Amino acid sequence: MTIILDGKKTAQKIISKISEEVFKLDVKPKLGVILAGDNPASLIYVNNKLKIAKEIGIEVDFKHFTQNLTNNEIIKKILEWNKDDSVNAILVQLPLPGILYAPSIIEKIDSKKDADGFTPYNIGQLILGYKPYAEPCTPKGIIRLLKEYNIEIEGKIAVVLGRSNIVGKPLSALLRQNNAAVINLHSKTSEKNILAFSKQADILVAAIGQPNYVTSEFVKDDAVVIDVGINRVNNKIIGDVDFKSVVDKASYITPVPGGVGPMTIAMLMENTLELYKNQHKKINPL
Ligand code: GUN
């Protein structure tokens, strides 16, 4: 029988533990959040992050820039927060409007305050298999969800569809670090090869932003299927996996919504608290 991986319940459990820890702290952790422009999906994601943070006692400083701005305006805010000891974690919501250049902005975040684990130092550590100050939230949340359900990663064939900097690349690194054999496919892989490799997967992750792309023919019997897609179609949220077609074939599957999404937010809260603790203990993992 297929088991539905309940990201909502798992995230709530993690968030409630973090909340208990935060409650005991005299000085609360603070998360600085930057949003540029009015991308409707980003507005919803950021509001969800701010809402959960506030609910569990994490302070937030939210800076919402308009669409028409320069790299320097955002960088100025980042440098200000880097210097401010009361700000423990910094997040710049992606994607940024086209006129901005994300790498020049992200690299300015102090890696010790990098809530997303996106700076070159933190990503470098991750790829090398060393400890970053924080790991990217969605990949970290997926690994945590697999572990919460005691799903073996070591020795498995993991196929990751999508090579984004936010999910596909860091997730491939984390799966490799957990001793999976990782195959990372992308938009320039032929459909024929995507199908052929996906069918070999013990763990199949879809992070390509194409609604209902993965159907049962892509899925090996008893595979673990992780759906990272959040696609808005006719005002409904649809994943990258055609759930109905795949559910009976998989051993485990994440739903959309209620799978990976809530885990991303839980990991952001965890990263914020970990960065706070690191800064307060003056620990340097190097
Ligand atoms: N956009 C989509 N997912 C994410 C994320 O995890 N962090 C940031 N900063 N932007 C995102």
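Read the numbers this way: they start at 1 and go in the same order the structure lists the ligands and their atoms. This structure is a prediction, so every number in the text was calculated from the model and none was measured.
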Can you list every pair where an N/O of ligand 1 is under 3.5 Å from an N/O on the protein?
from	atom 1	to	atom 2	distance (Å)
ligand 1	1 (N)	Q93	NE2	3.2
ligand 1	1 (N)	L94	O	2.8
ligand 1	7 (N)	D116	OD1	3.1
ligand 1	7 (N)	D116	OD2	3.4
ligand 1	9 (N)	V92	O	2.8
ligand 1	9 (N)	D116	OD2	2.7
ligand 1	10 (N)	L94	N	3.0

What I want to find out is whether K140 reaches E274 closely enough, with some N-O distance under 4.0 Å, to be called a salt bridge. yes

Greater than 12 external heavy atoms within 6.0 Å of K51's NZ: no

Would S111 and T119 count as having a side-chain donor-acceptor pair, cut-off 3.5 Å? yes

Residues E80, K77: salt bridge by 4.0 Å N-O rule: yes

For V247, which fellow cluster members are found when Ile, Leu, Val, Met, Phe, Trp and Tyr are connected by side-chain heavy-atom distances below 4.5 angstrom, either directly or through intermediates? I4, I157, V159, L161, I183, L185, I194, L195, F197, L204, I208, Y213, V214, F218, V219, V225, V241, F243, V246, I253

Taking atom CD1 of I142 and atom CD1 of I226, what is their separation to the nearest 0.5 Å? 6.5 Å

